[in-house]
Structures are given as C-alpha cells and as structure tokens.
Amino acid sequence: MKWTEFLIPTTKETPADAVVPSHQLMLRAGLIRQVVAGAYTYLPLGYRSLRKVEAIVREEMNRAGGIELHMPAMHPIEWWEETGRVEAMGDVLIRLGSASPDDWRSRTVLGPTHEEPVTEIVRAYINSYKQLPVTLYQIQTKFRGEARPKSGVLRTREFLMKDAYSFHLTKEGPGGLDETYDRMYAAYCSIFGRCGLPYVAVEADSGAIGGDASHEFMATTDAGEDLLVQSEDGAYAANLERAEVSPLADPANGTNAALAEVATPKLTTIDEVSAFLKCKPEQMIKTIIFEAEGKPLVALVRGDHEVNEAKLARAAGVSKVTAAGPDVIQKLTGADVGFSGPVGLDARIIADQAVTVMYDAVTGANKTDHHLTGVNRDRDFTITESADIRTAVAGDCSPTGSPLTFKKCIEIGHVFKLGTKYSDAMKATCLDPNGKPQSFIMGCYGIGLNRIMAAVIESFHDESGICWPMAIAPFEVVICALDVRVDEVMALSGQLHDDLAAGGVDVLLDDRDQRPGFKFKDAELIGFPVRATVGKRGLADGIVEIQSRRTGEVQKVAPDQAVATIKEMVESARLAERTDGS
RNA sequence: CGGGGCGUGGCGCAGUCUGGUAGCGCACCUGCUUUGGGAGCAGGAAGUCGCAGGUUCAAAUCCUGUCGCCCCGACCA
C-alpha cells in the first residue's frame, strides 16, 4: 500500500475535546473521527487495527470451541419484556420511537447485548441434551444509551463487542458450564495476551445481569473509570465494587463514656457533625437506611467509610437494595434525614465489621437536630448482624491480610455464569436423558474490541505518538522514502515494499513528496512498529536504516539485507510482545 | 439528571464585555526555491459565526428560546 493512495488524515494539533491520551492520539493519527457523542467512524487506518483485534478474538474463540453467528441489532421489544429487562435496563436500552405505539418502530429496540435473541435461537433449535454443550458467539455492533459517553472510544453508545453465550444441561462435569467457563477464561487470557495488553483478571460483581460467578478482565490505565484492588502479595485482585477486606483489629480503647444527647441543629453530614463536635469522622457511626424487598434495611458503617450496596445486598441475602426516601426514613426513625442512629431503632440492622470495634461513638439520635455521643454497643444498642458491607479504602488489607493497593483500570472483558435466569424467563428448555425438560444453564462472555484498541494505546504511547504492539498495528512496517524524485530511492523503496508484502508483512510505503522531518513525525505519531528509511544519503553509503518504534534502536543494513532484517523484527516482536495476566 | 465550560472554513483559535468591511495559525490548491526531524516566498480557494425568533438603520457580538459537544458528579451488565 502506498501512502498517497490511502487515506490518513493526521493532524499536528490536538483537538480540544480530547482529554485522555488514547482519544487524542487516535484523532491525531487519523484513526477515528467523531460523528456524534459516543459514536465514531473508524477511518481506514483505525479500522485496520480494529480488524486485527477482531481476527485475534475470532481465532481464539474458534479455538475454544465457539461457533460464530450474526444476530441483528434490532430486536422485538417483546423478548426484552419476557426477561423483564425493559425495566431493568432503563434508558440504556435504546428504543426506536414512533408517534404510534402500534407502529413497528415502537416495538423495536437496539440490542445492548444479546441474551434474548440467542436464547430464542437455542429455544427454537436445541431440543435435546445430546446437542449440548454449545457456545455461540458473534462480533457485532452494540447500542447502549449511555448517560455520558466519554474518553473517546473507551465509553461510547455504539461499539463493537464480541459476545458469546454457552448452553449446558449441568454446571459441573463434562459438558457443564464450569468447563466452558474455564475454557473461555483461558481464551480471554490468550486474546489479551496476543494483543500485547497488560491485563488483570479479577473477581467481579455480577450486577443486574444476574448469575453467581463472574470475572472481569481489566486493563490498567489512568483513563479507566473503575478501580482495581490488588493485594501487595499478589494473591488477591478484585473490582472495588466487590473487594473484600479483612476485619479491623479491636483497639479496645473504650472509656465507657456516658451516653449523652447533644443538639446539632441542621448538621446532617458526617463532616458537619464531626467538625461541630470536634471528633473525627472515624468516631462516628453512619446510619444509612435502605429498602430491600419492600422492607427497611439499616446499614451501619464507620463515618469515614462508604456502604457498598452490592456487598450489603449479598450480606442481607437480597437481590438489590435501594436508598430509602425521606418519608421512609422519617417514618422509621421519627427524625429528618441526617439524624438516624442505631440506638432504639426497630428494624433489621446490619453493622459493618468496623463498627463492631468502635467505642464511645457519635451517631444520630433519631431526633431531628440531635446526635448522641458516648454510644457503645451492647450497652446502648445491640448488633445482631455484622458483615463486611463497606467499600475498601486505602489502609485496608485483603482477606488474607496483605495490604491493598488501588489502580485505575478499564474493563475490557467480562465472563459470567448466568445460570437459568434467561432460559427460565424465556422458557428455553431441552430434554435431559430422562426425557424431562430442563432449563438451559447459561454462561455469557463479552469483550469490548474498541476498548482493547484504546487500552493498548493508553498503555503504549510516548510524547511522539502511539507505540503499537506488532499484533494489532495498522501496518507493521512503514517505509519512509525520502527524496521521492530520486529514481534509485523509489526503486529500492518499491522493491522493499513488494518483497515485504509478498512475504506476508503489512507494509505501507510513504511515497509522499514531503520533507523527511514531516514523514518521521507522522510515522512516530501513527506508531508503526518498524520504520525503514530509504534516502539518497543512506543509499550513497549503501545502507537502509531500520528503526524500532518501541526501543528506538536503529540498524543500518545493506539494501539486500533489509527484507530479512525486517521480517526477523516483525516475527520476534509477535512473540516477545505477548503478555500474561498479572 | 445536577454543576461547569464551549459552539466562528477540515483542525486549533482571536474577535463577543463596548453592535458597524469576519480575522490569525495549521492543513488545502498554483508556481518557484528547498529536501535526514513538522521548510521559505508569492498567489489562491474555502466560513448563511450551531439553529430559530426578537431588539436595532445595522447582530458573530445584545435579549429569548432551542439544539449540539466537552469536563466534573450521579448512573452503568
């Protein structure tokens, strides 16, 4: 491919709207162009990378036993009503609008994921346990009505996703869900490894999608929106939403202070009250009222801690907790919001472990404009249930006692054990060996392809531009032909290009009539892993210059050695750049 | 959905407060020179100033409304 016959709109200046490095560089290197918020055109160069990511994903999915198919983005809303996800997804589910509710548009949604259509297929065609297990996957465009698209292609409303779904009769044993789950997990490691991406697999919360086990694959990058929690000993890694902490030691520093009520007019927050009473937030018990299954649920955490709703729900044995409104709080505590406390409160109360080792605490008095000081457990209130229900913070240790560290990260893949949530809802069954209908046990496995690309750029760039790993670089090699009007330069450049291309190397010939500096800057911005420079100066010395983008290392070789040298670099990079999760 | 910022040639911006000929840099086209780290000179093309109303002799500029985009937060499979 010749540069002058391709479309590569690079820019020297950074567009003002781009904040994170991957976004800035993708725009500057001419990989993408924004169309509306959360939707991007992949320009030819960007699309080449995306296609390479796609090819790797496809290859590994096939190797892991997946069967590729392609489902539409348009779904009948009835399927989503069957599984109750029209409500569960809310605004994330994009619906086609129409003035008339009877119009087909009103009954059509754009798929944010494909559990419903794939379950419908299996319901229709798989009737016997003998056809199981089966894993269907597709690489397809997804639509989600994200409230706030951001960070370039890291969070968009339209994106390319590989989604796989497996169907089983059993959880354990040959052909069971666990077996496929493990195989998919391994395939994911291969995929991210081949893309050269630093990643970590962590335990995740399975959230609204349901199911009982889930791992997220995270790429660590400062542009990420999630927090990855890892123990220093490397034994524990989890999403912050799920991370468990080891119990805090009992300081046994109680003075058995007397219970006292103090007026705290209009002071409703931990900060306000602690400032007013000159105590530390960690001396306060924060009392948060939730509702679960229609009943109040009270959570107690230390003042400087936050309730983790997912952990609370799990501890409470309910599917979901929601913050209670002012009316519920008023009715339960007899006080306005901001003055709740455990003393004398009649409701199910779950105390965080940290609260069980607090003495002489401060908390709301269940009386508007008043707080209590000198509050002690057992004497002033009883803790019947305690658990780990708070979000981990700096200073906490893993369940095995190793200090936790926090890193920003972006989710690039997710594997779930779904169970029968969707097959039950959609009445998708097959006959077991006894001739009895059984709901399919399902797993689902997603990868965001665009995010892989962006995460790779976040991980591998410098002040000059992108440093692609060989595996997903839009072109593996660029030949900078300086002095395009010198016949010998162009003849050799053209010959190198043709020989490399014939040898299976992705090569781009920069045949633009531009000054050398201009071409070098573009080559570095785009980040071709290998640059071969052919100029009349080098030619006079009988050499071609070959440079690695990542190491900057330059080799000067005779023209007849150039092809072999470059091919060797390409091949060794393909192996060397592979990563493993850690 | 709350808070903040911004919409002026393909890109980056000035001009808006104080109304009066739409401007600068990059990129683009033509010509000459230049050719190993984003060249120089000369000439040129390209913008209903987001959109709609209003005020005014006159609106990029003032007023009202509206749409879009970005950032922080909330939310998030």
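Values below: every heavy atom of this structure, side chains too, minus hydrogens, waters and symmetry copies. Since the model is a prediction, treat every value here as computed from it, not as a measurement. Proteins get letters first, then strands, A, B, ... in listed order; numbering begins at 1 in each.
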Quiz prompt | Separation of the C1' atoms in C63(B) and U21(B), to the nearest angstrom | solution = 25 Å

Self-check item: Most 5' of Arg531(A) and Arg157(A) on RNA chain B, judged by nearest nucleotide
Solution: Arg531(A)

Quiz prompt | C17(B) to G12(B) separation - P atoms, rounded to the nearest Å | solution = 24 Å

Quiz item: Roughly how far apart, to the nearest Å, are A42(B) and U55(B) at atom P?
Solution: 47 Å

Quiz prompt | Atom-pair distance (CG on Asp513(A); P on U30(B)), nearest Å | solution = 12 Å

Practice problem: Pick the C1' atom in C41(B) and in G5(B), then give their distance to the nearest Å. | Solution: 41 Å

Quiz item: Does Asp483(A) get its side chain close enough to the base of G36(B), under 3.5 Å, for a donor-acceptor pair?
Solution: no

Exercise. Figure out the NZ/C1' separation between Lys12(A) and G38(B), and round it to whole Å.
Key: 5 Å

Quiz prompt | Any strand: nucleotide that pairs with G7(B) via Watson-Crick or wobble, under 3.5 Å | solution = C67(B)

Practice problem: Check for a donor-acceptor pair, side chain of Asp483(A) on one end and backbone N or O of Lys536(A) on the other, with a separation under 3.5 Å. | Solution: yes

Practice problem: Nearest whole angstrom, please: distance from the P of A39(B) to the CG of Asp522(A). | Solution: 11 Å

Self-check item: Sidechain N-carboxylate O distance under 4.0 Å for Asp541(A), Lys556(A)
Solution: no

Quiz item: Paired with C76(B) by Watson-Crick or G-U wobble geometry, both distances under 3.5 Å: which nucleotide is it?
Solution: none

Exercise. Name the pairing partner of C13(B), where a pair is Watson-Crick or G-U wobble with both distances under 3.5 Å, or state none.
Key: G23(B)

Exercise. Return yes if the base of G38(B) and the side-chain atoms of Gln514(A) contain a donor-acceptor N/O pair under 3.5 Å, otherwise no.
Key: no

Practice problem: Can you tell me the distance, in whole Å, between the CD1 atom of Ile410(A) and the P atom of C76(B)? | Solution: 16 Å

Self-check item: Electrostatic pair Glu115(A):Lys421(A) at N-O distance under 4.0 angstrom
Solution: no

Self-check item: Ring centre gap for Phe475(A) and Phe6(A) strictly below 6.0 Å
Solution: yes

Quiz item: Hey, is Arg531(A) close enough to Glu524(A) for a salt bridge, meaning N to O under 4.0 Å?
Solution: yes

Quiz item: Taking only N and O in the side chain of Arg515(A), is any of them less than 4.0 Å away from OP1 or OP2 of G38(B)?
Solution: no

Quiz item: For RNA chain B, whose closest nucleotide is more 5', that of Thr11(A) or that of Trp80(A)?
Solution: Thr11(A)

Quiz prompt | Complementary nucleotide for G47(B) - Watson-Crick or wobble, under 3.5 Å | solution = none

Quiz item: Taking atom C1' in both G44(B) and U61(B), what distance in whole Å separates the two?
Solution: 30 Å

Practice problem: Hunt down the Watson-Crick or G-U wobble partner of G31(B), both distances under 3.5 Å, from any strand shown, or write none. | Solution: C41(B)

Self-check item: Nearest to side-chain heavy atoms of Glu13(A), which nucleotide of G38(B), C69(B), G12(B)
Solution: G12(B)

Practice problem: Scan Asp91(A) against the nucleic acid and name what it touches under 4.0 Å (heavy atoms): base, sugar-phosphate only, or nothing. | Solution: nothing

Self-check item: Nucleotide opposite U55(B) in a Watson-Crick or G-U pair, distances under 3.5 Å
Solution: none

Quiz item: How is Gly90(A) classified with respect to the nucleic acid when contacts are heavy atoms under 4.0 Å: base, sugar-phosphate, or nothing?
Solution: nothing

Practice problem: In whole angstrom, give me the gap between the P atoms of U16(B) and C69(B). | Solution: 28 Å

Quiz item: What integer distance in Å separates His414(A):NE2 from C76(B):P?
Solution: 14 Å

Self-check item: Salt bridge present between Asp462(A) and Arg549(A) (N-O < 4.0 angstrom)
Solution: yes

Quiz item: Base, sugar-phosphate alone, or nothing: which one does Thr14(A) contact when heavy atoms must sit under 4.0 Å apart?
Solution: sugar-phosphate

Quiz item: Would a 4.5 Å heavy-atom cut-off, applied to side chains only, mark Leu500(A) and Ile479(A) as touching?
Solution: yes

Practice problem: Quickly work out the Leu43(A) CG to C11(B) P distance and round it to whole Å. | Solution: 13 Å

Self-check item: Pairwise C1' distance for C67(B) and G23(B), with rounding to whole Å
Solution: 27 Å

Quiz prompt | Interatomic distance at C1', A27(B) relative to G47(B), whole Å | solution = 15 Å

Between the protein and nucleotides 72-75 of chain B, which nitrogen or oxygen pairs come in under 3.5 angstrom?
residue	atom	partner	partner atom	Å
C72(B)	OP2	Arg148(A)	NH1	3.3
C72(B)	OP2	Arg148(A)	NH2	2.8

Quiz item: Contacts to RNA chain B from residues 21-36 of chain A, heavy-atom cutoff under 4.0 Å, which residues?
Solution: Arg28(A), Gln34(A), Val36(A)

Quiz item: What nucleic acid atoms does Ser151(A) come within less than 4.0 Å of, heavy atoms only: base, sugar-phosphate, or nothing?
Solution: sugar-phosphate

Self-check item: Length of the line joining Arg451(A):CZ and C76(B):P, which is rounded to integer Å
Solution: 15 Å

Quiz prompt | Rounded distance (Å) that lies between atom C1' of C76(B) and atom CZ of Phe416(A) | solution = 12 Å

Quiz item: Can a cation-pi geometry be assigned to Arg451(A) and Phe159(A), taking NZ or CZ under 6.0 Å from the six-membered ring centre and within 45° of the ring axis?
Solution: no

Quiz prompt | Heavy-atom donor-acceptor pair, His497(A) side chain to Met1(A) backbone, under 3.5 Å | solution = yes

Self-check item: Glu306(A)/Lys286(A) salt bridge by N-O under 4.0 Å criterion
Solution: yes

Quiz prompt | Donor-acceptor side-chain pairing of His414(A) and Ser214(A) below 3.5 angstrom | solution = yes

Practice problem: Kindly indicate, with the supporting measurements, whether the criterion side-chain hydrogen bond (donor to acceptor under 3.5 Å, both in side chains) is fulfilled by Asn308(A) and Glu241(A). | Solution: CA-CA 7 Å; Asn308(A) 180 316; Glu241(A) 291 165 16; over 6 Å; no

Quiz prompt | Proximity to the side chain of Ala16(A) - top-ranked nucleotide from C13(B), C69(B), G37(B) | solution = C13(B)

